[in-house]
Amino acid sequence: MSNTPTQQILDFVRGRYPQAEIDETQDIFALGFVNSLFAMELVMFVEKTFGVTIPNEELRIDNFRTASTMAALVGRLSPTLAVA
Amino acid sequence: MTLTVTAPAAVTDRRSARAFVDTHVVPYADDYDRNGRVPEDLLRQVAAAGLWAPFLPVESGGAGMDLVTLGEVHEEVGRGCSSLRSLLTVHTMVAWTVQRWGTPGQRERWEPALAAGEALGAFCLSEPGAGSDTAAITTTAVEHGDGWLLNGVKKWTTGGQRADLFLVFARTGASIGAFLVPRYAPGVQVRPIDDMLGTRASMLAEISFQDVALGPDALLGPSGFTAGMVLTGTLDLGRYSVAAGSVGIVQACLEASAAYAAHRRVGGRPLAEQPLIQAKLSDMVTDARAARLLLAEAGRLKDAGESSTIMATWIAKYFASTAAARHAAEAVQIHGANGCSPDYPVARLYRDAKVMEIIEGSNEIQRITIAGQAERETTR
């Protein structure tokens, strides 16, 4: 699954926080390191990597809690991208 | 003061920006500084040159300018007058935020006026008790009918004396929201702040909001946890513009100092032949180029939509602003007593440069943020 949206998102988060041990279902907000700066970077990463624009109504915390929920958001915004 | 009457050509790149600044700004910047305001005549010239928000899309009245070029333009403006650059910065922050986060209705209402400079924007975040510590702001926006009720006091609002539209950040429960507030909304009061150390012509104000009733379309961007992103993005662009302005200050220090050192004679020889003066000038040249490259890299990442632009912009602003303060001090030193007088621009550059180390996140906050990311990324 190395090129799936889920894995790409996980790689991004792990790249920023190498000390965090996270998997695709782990709530990154519960880990306590997400601030508004990282939230902005996450949104920019998702938009740039997957070629989507996230509308304001989709900018909800539940969409960004885990790599899986973010990948699901990508899937809704760009159905051609397979979500694993 | 002689006011120019020639209609300026459109500013589309660094070259045209430099020509505009050399014609319409540089000869008068010290007067603006002394008078404590940028005159309406210049604000109109800026509008005629399409300088207020050239990054907005063409259909909104902008020019679709990329952000690398915008950085170059703001550098040139900052070379001429930091007060005017400050007005451009806050206007840019408002216009960009409307473009990035606005609903189609909000964009349709505000973008054309912001692009044309018919509505000037100002950014309202700092308060009497909260500067870089944005978590400490106390201005509130509470739901009121189908809209909002705004209460609080904002301070150090650049352009606040003149702006038509305020982008106000206020607490909405546990989060912070961004609100578009027209200047003449009932309950808005503007009190000028004059006689500042630097950027003296940027028309600062303290603005109070007392039971200001706003419609539902005043809220800009998402509500909830991601609302903080609006502030993050707005400050990022502001920081980018301040970094650009700081590069402009270094360049202005270099140009003023090189010209002075070439003509001023000491012991029958030009000051420029003194090794200690050459050392100062060479450091200005080097830092101007380095800061310009950091700025261009941050701009390139913005244009590419890369999230790493945020940290690149922190680094560019930190480097450029500290370089500006350092070299402005050296520029005064090179000029000697003349540098302390109103007869040369370096005293203004010196005062303006100090401000760059404080605004859009103090340099102490920047160092904490830059070091924090380095620590996170290297700790395994």
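No hydrogens, no waters, no symmetry mates; every other heavy atom, side chains included, goes into these values. Note that the coordinates shown come from a computational prediction; the quantities given were computed from them, not determined experimentally. Order of the sequence lines fixes the chain letters, A, B, ..., with proteins taken first and strands second; residue numbering starts at 1 for each chain.
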Practice problem: State the CE-CD distance between B:Met229 and A:Glu41, to the nearest 0.5 angstrom. | Solution: 11.5 Å
Quiz item: Is A:Asn56 reaching over with its side chain to a backbone N or O of B:Thr103, donor-acceptor style, under 3.5 angstrom?
Solution: no
Quiz item: About how many Å separate OG1 of B:Thr232 and CZ of A:Phe38, when rounded to the nearest 0.5 Å?
Solution: 12.5 Å
Self-check item: Region of B:Glu306 in contact with chain A, defined by heavy-atom distances below 4.5 Å
Solution: both
Quiz item: Hey, are B:Glu375 and A:Arg16 close enough for a salt bridge, meaning a charged N less than 4.0 Å from a carboxylate O?
Solution: no
Exercise. State, with a plain yes or no, whether a side-chain heavy atom of B:Thr309 is found less than 4.5 Å away from one of A:Met44.
Key: yes
Practice problem: Nearest 0.5 Å please: distance from the CD1 atom of B:Ile310 over to the CE atom of A:Met40. | Solution: 5.5 Å
Practice problem: Locate the shortest heavy-atom distance separating A:Phe45 from B:Ser307; write the atom from each residue and the value. | Solution: N-CB, 4.2 Å
Quiz item: Heavy-atom distance under 4.5 Å to chain A: side chain of B:Ser308, backbone, both or neither?
Solution: neither
Self-check item: Side chain to side chain, B:Thr369 and A:Leu37, heavy atoms closer than 4.5 Å
Solution: yes
Quiz item: Is the number of heavy atoms from other residues, nucleotides or ligands within 6.0 Å of CD (A:Glu57) greater than 12?
Solution: yes
